[in-house]
Amino acid sequence: MNEREFKGFGGITLRADVHGMSDDPSVLLLHGGGQSRDVWQPAAEALVKAGRHVINLDLRGHGASDWASDGRYDFEAFVEDIRAVLAQLASRPVIIGAALGGWIAAAALGEDGGHLASGLVLADAPPEIDAQTALKVSDQLRLQIERTDVQAQFDPAFLRSMDLEHATGRITEAAHLLKLPVLFVRGAMSDLADSELAGRYVEQVETAEFAEIEDAGHHVAFDRADMFSAVVLDFLERRVPRFLPDYKQGSDARTLRDALGCFATGVTVVTTMSEENEPVGLTANSFTSVSLDPPLLLVCIAKTSTSLKVLEQAKHFAVNVLHIGQQPVSNAFARSGEDRFADTPWQRGLRDAPLLSGALANFECERFALHDGGDHVILVGQVERAKYEPRRDPLLYFKGKYRRLHFA
Ligand SMILES: Cc1cc2nc3c(=O)[nH]c(=O)nc-3n(C[C@H](O)[C@H](O)[C@H](O)COP(=O)(O)O)c2cc1C
């Protein structure tokens, strides 16, 4: 086991225990308010045995992490800490959060569309906390403070800043946006989340499943560590497996698509003018530069594409590279049954091929070759003219989703 430091929101130092092999898929453990990473000890051991790399973090003002000198223990500060920690990890972990740890993870991941993690386990982290429950939580924590044995575990200033009502609003809104595998584990005897409430939450999160552990209360991961670990490991093996399926010729094409989707690309719209003098175009990310001398590029057009016929016949075509603001253009040129050029300003190029105005780059091409490419046709063009816009960022496409540039 090693200790690792992270920079949190506002430069605060957060400390974590790190267990297991760094090449294994990682799990980030977030304890509840008023606790420390110690509560996860049994779960961390079980996870490492099951081949997971575990990062067990102390939240700000808790355990070995720094106490906030500016007193920032509001929900936002905790959420920003988690975002900062996730940005410092080499891979996207499954987050397992108890109570406050779960709430901040649910808010951070929901608001980010879940791109920052590969799964989420909420250990008795009810999404709605009414005023009465909030009081109960604070009272329990105050009682803890009075007990000398846990006094050093957290900064008492944290209690004064907790705004669970604000948190509830954010978590509930974020629930609809969560798209990653979610498991909600409830202690059957928990006084915080009744089953009905937990059930409602699970219904809101499309990808969520629910497990209840008998004989466990609010501290479900601690009360019945054995049961908790078993339920979580089962979830991980099913929904975030250690070994991903591989593709062999003839096997599930989905896996092949997913593997190909690991290659990040830009997005283009390939255009031409039909013999009837109508503009034709479709979204394509299969664009590749081929040769500098002669200047060649290619795009692959599906044989099912209705634009293919016109493209095969046309002597000239253009490739328009889209910028970050042109996601609607990409969508419009990938949807059928609409006038794709109606809402997108364009003008004719040298040889009439439509050039989308404001694109990141336009390549005006003469058809150089057509090759058979299985269920696609490889269209190779010789570039007659190219221009580009130096001040804009590209629209990116990765694993079936649009992305934006992120400078590390
Ligand atoms: C990001 C993105 C990339 C695409 N890349 C290609 C591509 O490279 N080749 C292709 O044939 N279709 C591609 N498509 C799908 C076509 O744009 C889509 O099927 C379109 O409706 C075809 O139009 P058409 O049938 O009018 O030609 C892509 C779609 C999207 C959203």
Side-chain angles (χ1 to χ4, degrees), residues 113 115 179 253-291 296-346 349 352-356 358-365 367-383 386 392-406:
H115 300 315
K179 293 279 179 285
R254 179 79 246 166
T255 310
L256 175 63
R257 265 171 178 265
D258 291 347
L260 291 169
C262 292
F263 187 64
T265 67
V267 181
T268 75
V269 168
V270 181
T271 53
T272 193
M273 202 56 87
S274 74
E275 279 173 1
E276 293 77 34
N277 207 21
E278 293 286 340
V280 169
L282 79 156
T283 302
N285 71 335
S286 56
F287 170 76
T288 303
S289 62
V290 174
S291 161
L296 300 179
L297 54 77
L298 70 78
V299 282
C300 303
I301 309 294
K303 287 183 179 165
T304 52
S305 155
T306 57
S307 317
L308 178 62
K309 223 169 158 190
V310 183
L311 278 166
E312 279 177 324
Q313 281 162 1
K315 282 192 69 181
H316 295 94
F317 68 94
V319 179
N320 302 271
V321 180
L322 302 188
H323 66 69
I324 186 66
Q326 290 180 309
Q327 192 174 318
V329 177
S330 172
N331 288 333
F333 280 81
R335 266 195 304 264
S336 47
E338 70 180 74
D339 182 359
R340 294 173 177 173
F341 287 87
D343 294 327
T344 309
W346 61 280
D352 273 357
L355 305 180
L356 303 189
L360 197 57
N362 307 101
F363 296 94
E364 294 175 63
C365 304
R367 192 183 68 217
F368 180 83
L370 282 170
H371 298 289
D372 184 56
D375 56 12
H376 281 59
V377 169
I378 304 165
L379 172 59
V380 183
Q382 177 150 356
V383 181
R392 281 201 156 120
D393 280 353
L395 175 64
L396 301 181
Y397 200 69
F398 176 62
K399 288 194 177 170
K401 291 195 177 79
Y402 295 111
R403 313 280 178 149
R404 60 169 60 241
L405 268 191
H406 172 78

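When a ligand or atom number is given, it counts from 1 through the structure's own listing order. Atoms considered below: every heavy atom in the structure, side chains included; atoms not considered: hydrogens, waters and symmetry mates.
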Is there any N or O on Arg335 that sits under 3.5 Å from an N or O of ligand 1?
-> no
Got the closest protein heavy atom to atom 2 (C) of ligand 1, with its distance?
-> Thr283 CG2, 3.7 Å
Is there a donor-acceptor pair closer than 3.5 Å between any side-chain N or O of Thr344 and the backbone N or O of Val329?
-> no
To which protein heavy atom is atom 24 (P) of ligand 1 closest, and what is the distance rounded to 0.1 Å?
-> Thr306 OG1, 3.1 Å
What protein heavy atom sits nearest atom 21 (O) of ligand 1, and how far off is it?
-> Ala334 O, 2.8 Å
Supply the atom-to-atom distance Thr265 OG1 to Phe287 CZ, rounded to the nearest 0.5 angstrom.
-> 11.0 Å
Min heavy-atom dist Phe287 to ligand 1 below 4.0 Å = no
Can you measure from CH2 (Trp346) to OG1 (Thr271) and round to the nearest 0.5 angstrom?
-> 9.0 Å
Taking Arg392 for the side chain and Ile324 for the main chain, is one N or O donor matched with an acceptor at less than 3.5 Å?
-> no
Closest protein heavy atom to atom 23 (O) of ligand 1, given as residue, atom name and distance to 0.1 Å = Arg340 NH2, 3.1 Å
List the atom of Ser307, the atom of Gly281, and the distance in Å for their closest heavy-atom pair.
-> OG-O, 4.1 Å
Near Tyr397, which atoms of ligand 1 are under 4.0 Å from a heavy atom of that residue?
-> 1 (C)
For Ser307, the ligand 1 atoms whose distance to one of its heavy atoms is below 4.0 Å = 24 (P), 26 (O), 27 (O)
Please indicate whether any nitrogen or oxygen in Asn285 is less than 3.5 Å from any nitrogen or oxygen in ligand 1.
-> yes
Of all the atoms in ligand 1, which lie at a distance below 4.0 Å from a heavy atom belonging to Phe333?
-> 17 (O), 20 (C)
Can Asp372 and Lys303 be counted as an ion pair, charged N to O under 4.0 angstrom?
-> yes
Side chains of Ser336 and Thr306: does their closest heavy-atom pair fall under 4.5 Å?
-> no
Do any N or O atoms from the side chain of Thr268 and from the backbone of Ala284 form a donor-acceptor pair under 3.5 angstrom?
-> yes
Got a second to check how far Asn331's CG is from Glu338's CD, nearest 0.5 Å?
-> 9.0 Å
Near Ala302, which atoms of ligand 1 are under 4.0 Å from a heavy atom of that residue?
-> 10 (C), 11 (O)
Looking only at atom types and distance, does a side-chain atom of Arg340 sit under 3.5 Å from a main-chain N or O of Arg335, one as donor and one as acceptor?
-> yes
Distance-only N or O hit between ligand 1 and Ser330, under 3.5 Å | no
Minimum-distance protein heavy atom relative to atom 8 (O) of ligand 1 | Ser286 OG, 2.7 Å
Ligand 1 atoms nearer than 4.0 angstrom to some heavy atom of Ile301 are 11 (O)
Give yes or no for whether the N/O distance cutoff of 3.5 Å, strictly under, is met between Leu282 and ligand 1.
-> no
With distance as the sole test, does Thr283 use its side chain to make a donor-acceptor pair with the main-chain N or O of Ser330 at under 3.5 Å?
-> yes
Identify the protein heavy atom lying closest to atom 9 (N) of ligand 1, giving its residue, its atom name and the separation to 0.1 Å.
-> Cys300 O, 2.8 Å
Consider every N or O of Ser305 and every N or O of ligand 1, then say whether any pair is closer than 3.5 Å.
-> yes
